[in-house]
Amino acid sequence: MTKPVSTQEALQLMNKNMDILEEAVKTAAGQGAHLIVTPEDGIYGWRFTRETINPFLEDIPDPNVNWIPCSDPERFGRAPVQTRLSCMAKNNSIYVVANIGDRKLCNISDVGCPDDGQYNYNTAVVYDSNGKLVARYHKYNLFLGEVQFNQPKEQEIVTFDTPFGKFGIFICFDILFYNPAAALVVEHNVDTVLFPTAWMNLLPHLTAIEFHSAWAMGMGVNLLSANTHNTENRMTGSGIFSPDKVVPYYYNMKNESGHLLISELNSHPRNSSTYYPIIWNLHASQIKNSPSGSNIFNGLLFADNYTFTELKELHGEYSICQNDLCCHINYTMAEKHSEEMYVFGVFDGLHIVEGEYYLQVCTMLKCQSMDFNSCGESVETASTRFSSFSISGNFSTSFVFPEVLLTNIHLAPNMFQLKVLFFARTRRRCVPVWNALTCVTRK
Ligand SMILES: NC(=O)CCCC[C@@H]1SC[C@@H]2NC(=O)N[C@@H]21
């Protein structure tokens, strides 16, 4: 929205979007769903300045005020969007999760108060099946270009309990950081995470369905990911991701049709016996077959400097290292297409483009062409068939997200396993070795 509109025009636009969401809510409820998640930017849209977002904002109170906007719309001032969402939930007896904008007025003489006298927050709200506001989360990790919004002073951890498990919530870019994403699982034991997103796909590692399904598997929780569908901005790919079940997902770059996904889920995936990772104990003697200097080269992948080695043979076993990370691959190709080149790569360092975070990655990729310089660039199709492969690494974190992406952007549910060697969190000194942390008891 580049030019300012009136409050009435803003509401008209948001009502058009909510008409579409309401149809989805009715369909989902009609099929017995207990909860529906709608995408980030799905109501107010995008490309705003602080001035143009203003008519789209409402004051969203703290959920502890115990408020059903559908029954008492004027209690906290003008709130037509909150009222309509609450009525959708109440009239259809379903939890509704949506992304809207929160405005909090402040005194410009206060430290931190913006010059226009208000904080604007990118906000996720949840209404229960009676239409009551039960959760409000202000996005902490804003993505590039979200100039219309403020970062909240404090990182919020938002959870709520339901008859079908404990829920947590965060928005889009938050997923790449410990707070609040991993903290909700590790420190607050949620079963299911609600995830409104407007995710631009980025191959080879950051396509929505690929990374979001890996996050659910790595964290051992359900992730209900609702992505905006807008092919012009490379946004597509939603899923009901679970660590222990074949999941429905949607990816469509061909046209602008959105899609409603419905699935029954295990509401307590963390208790599920099928998830517990198998303990896998490799040791330093397995660092073998390190390729010689001439078979090692460097390449850029999303601006990170990877160390690669080519997989030339039909079958092989290699180890390659960068900084503290060593990766190992054992693979067998059923047949290799002569015009395709595959490499095994490792990266251990600080990623600094579009956000800063440390990464450790072991990856096997098809290069875009037969030119070494193309390894790490985006590739959507592949014809070579691998009958099996296994990749391991001595990661110095327990947050390991296993991604497998097949040709034409398909996931590989139930076709691979994540094996993690845990180490006991007792008074121990831990020494990183191959694919594990071995610990010795402190004297
Ligand atoms: N709307 C958001 O907050 C998140 C957008 C995430 C985009 C992911 S993270 C960095 C990568 N760059 C992209 O273009 N897509 C990826």
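Only heavy atoms go into these numbers, but all of them, side chains included; no hydrogens, no water, no symmetry mates. In each ligand, atom 1 is the first atom listed, and ligand 1 is the first ligand listed. Positions are given from 1 along the sequence.
K245 and E264 are not joined by a salt bridge, as no carboxylate oxygen comes within less than 4.0 angstrom of a charged side-chain nitrogen.
Heavy-atom proximity to R234, at under 4.0 Å, picks out these atoms of ligand 1: 14 (O). Distances below 4.0 Å separate heavy atoms of L176 from the following atoms of ligand 1: 9 (S). Every atom of ligand 1 is numbered from 1 in the order shown, and the set under 4.0 Å from a heavy atom of L202 is 11 (C), 12 (N), 15 (N).
Ring-plane geometry between H205 and Y306 is classed as tilted, the angle between the planes lying from 30 to 60 degrees on a 0 to 90 degree scale. Aromatic ring orientation, F297 versus F308: tilted (interplanar angle from 30° to 60°).
Considering only non-hydrogen protein atoms, atom 5 (C) of ligand 1 sits nearest to C172 SG, 3.6 Å. Of the protein's non-hydrogen atoms, the one nearest atom 3 (O) of ligand 1 is K139 NZ, 2.7 Å. Atom 16 (C) of ligand 1 has its closest protein heavy atom at M200 O, 3.5 Å. Protein heavy atom nearest atom 6 (C) of ligand 1, with residue, atom name and distance: W199 CE3, 3.7 Å. For atom 12 (N) of ligand 1, the nearest protein heavy atom (residue, atom name, distance) is E354 OE1, 2.5 Å.
Counting only residues at least two apart or in different chains, salt bridge (Lys or Arg N to Asp or Glu O under 4.0 Å) contacts with residues 194-210 are absent.
With respect to Y127, the side-chain contact (heavy atoms from CB on, under 4.5 Å) criterion is satisfied by exactly one of V97, V134, L85: L85.
The distance criterion of under 3.5 Å between nitrogen or oxygen atoms is met by F173 with respect to ligand 1. Here's the thing with A198: one of its N/O atoms is less than 3.5 angstrom from an N/O atom of ligand 1.
The closest approach between any non-hydrogen atom of T197 and ligand 1 is not below 4.0 Å.
The minimum heavy-atom distance between V221 and V190, with the atom names listed, is CG1-O, 3.4 Å.
A distance of 6.0 Å or more separates the ring centres of F177 and Y140. Two rings, from F395 and F399, have their centers 6.0 Å or more apart.
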